[in-house]
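Computation of the quantities below employed the complete heavy-atom set of this structure, encompassing side-chain atoms and omitting hydrogens, waters and symmetry-equivalent molecules.
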Amino acid sequence: MSKVTPLDDVLHEYLMAHRTPDDAILLELRRETEDKFGRRAGMQIAADQGTLLGLLVAAIGARRVVEVGTFTGYSALCMARALPPEGQLIACDVSAEFTAVARRYWEKAGVAQRIDLRLGPAVETLRSLPQEAVFDFGFVDADKENYGVYYEEILERLRPGGLIALDNVFWGGSVSDPGSREPSTLAIRALNDRVTNDGRVQSVMLAVSDGLTLVRKLP
């Protein structure tokens, strides 16, 4: 007997209503992103994902976080708030336009000093970092074709017991469609399989928004 409860629109609304609600700053950031960027606002993570990311960062006592794909800064804001005052989040993005919005809201929320924004290709940024274990938590939500590279570079620098969260692992449902052969789909599908069979980690795929995989690095 299936233990899965289908998530229709009514149940989803109920789900969203039963989480810690966004405060005024997060709501304002979401509204401005939608008003300013239109359809591109779809790159912003779902609100419940932001709550989950902050909860996870706080739960494991993270002090060092890396994010690949920052957009207008919603996810970084959620995670930075969960860090201790001396914590640091390295945010990797290529867009000065999008992250200009992020910077304003980080300042408004009082967490700008915890966020080190690095503009440029994330592969180059990650590979320029020391190879010893430096991160407690990583979040990946960027170009799908490079997910495999981001995963490996972060995992190499993740402390034992640290977590990586990988967004969009459903990719609109295309990962389970054998007929879907687009490069982004192939990349996500390949990474999903790689993580599942990776003896270095423990993982679970969650049906949150467009799919979110949590990866824990084994000792």
Under-4.0 Å salt bridge between Arg194 and Glu152: yes

Qualifying residue for side chain to side chain contact (heavy atoms under 4.5 Å, CB included) with Met16, from Glu13, Arg19, His18: Arg19

Path from Leu126 to Val201 over hydrophobic side-chain contacts below 4.5 Å: yes

same_hphob_cluster(Val123, Leu166) at 4.5 Å side-chain heavy-atom cutoff: yes

Stepwise side chain to side chain donor-acceptor pair (under 3.5 Å) check, Thr125 with Arg118: CA-CA 7 Å; Thr125 299; Arg118 303 195 184 186; over 6 Å; no

Straight-line distance of Ser209 OG to Ile45 CD1, nearest 0.5 Å: 8.5 Å

Ring pair (Phe, Tyr, Trp, His ring centres under 6.0 Å) partners of residues 151-172, not counting sequence neighbours, each pair once: none

Test salt bridge (charged side-chain N to carboxylate O under 4.0 Å, His left out) applied to Asp136 and Arg157, Arg159, Lys217, the passing residue: Arg159

Evaluation steps, side chain to side chain contact (heavy atoms under 4.5 Å, CB included), between Leu158 and Val215: CA-CA 11 Å; Leu158 194 70; Val215 180; over 6 Å; no

Exercise: identify the closest heavy-atom pair between Ser180 and Thr185: OG-OG1, 3.3 Å

Separation of Thr33 OG1 from Met43 CE (nearest 0.5 Å): 9.5 Å

Check against side chain to side chain contact (heavy atoms under 4.5 Å, CB included), Leu89 and Leu83: CA-CA 8 Å; Leu89 186 155; Leu83 290 170; 4.2 Å; yes

In one Ile/Leu/Val/Met/Phe/Trp/Tyr side-chain cluster, 4.5 Å: Val134, Leu163: no

Closest non-hydrogen atom pair between Ala142 and Tyr147, with its separation: O-CE1, 3.4 Å

Least distance between heavy atoms, Asn146 atom then Asp143 atom: ND2-OD2, 2.6 Å

Qualifying ring pair (Phe, Tyr, Trp, His ring centres under 6.0 Å) pairs with a residue from residues 87-127, counting only residues at least two apart or across chains: Phe37-Phe98, Phe71-Phe98

Closest non-hydrogen atom pair between Ala187 and Glu145, with its separation: CB-CA, 3.7 Å

Rounded distance [0.5 Å steps], OG1 in Thr20 versus CG in Asp48: 12.0 Å

Salt bridge flag under 4.0 Å for residues Arg103 and Glu107: no

Over 12 foreign heavy atoms within 6.0 Å of CG, Asp8: yes

Spatial distance of atom NZ (Lys144) from atom CG (Asn168) [nearest 0.5 Å]: 3.5 Å

Cluster check Tyr150, Phe135: I/L/V/M/F/W/Y, side chain < 4.5 angstrom: yes

From OG1 (Thr72) to CZ (Arg40), nearest 0.5 Å: 11.0 Å

Heavy-atom donor-acceptor pair, Gln49 side chain to Ala46 backbone, under 3.5 Å: yes

Residue pair Glu182, Ser174: steps toward the side chain to side chain contact (heavy atoms under 4.5 Å, CB included) verdict: CA-CA 9 Å; Glu182 293 181 350; Ser174 63; over 6 Å; no

Interatomic distance, Thr5 atom OG1 to Leu15 atom CG [nearest 0.5 angstrom]: 11.5 Å

Test log, rule side chain to side chain contact (heavy atoms under 4.5 Å, CB included), inputs Leu77 and Ile25: CA-CA 10 Å; Leu77 175 50; Ile25 293 176; 4.1 Å; yes

For Ala91 against Ile115, the heavy-atom pair lying closest together: CB-CG2, 4.1 Å

Exam field: side chain Asp141 to backbone Asp167, donor-acceptor pair closer than 3.5 Å: no

Joint hydrophobic cluster, Met205 plus Val140, side-chain heavy atoms closer than 4.5 Å: yes

Side chain Asp23, main chain Leu26, donor-acceptor under 3.5 Å: yes

Note, Val169 side chain near Val195 side chain (heavy atom, < 4.5 Å): no

Test item: Arg189 side-chain N/O and Val175 main-chain N/O as donor-acceptor pair under 3.5 Å: yes

Contact summary for Ala82 and Val57, nearest pair of heavy atoms: CB-CG1, 3.8 Å

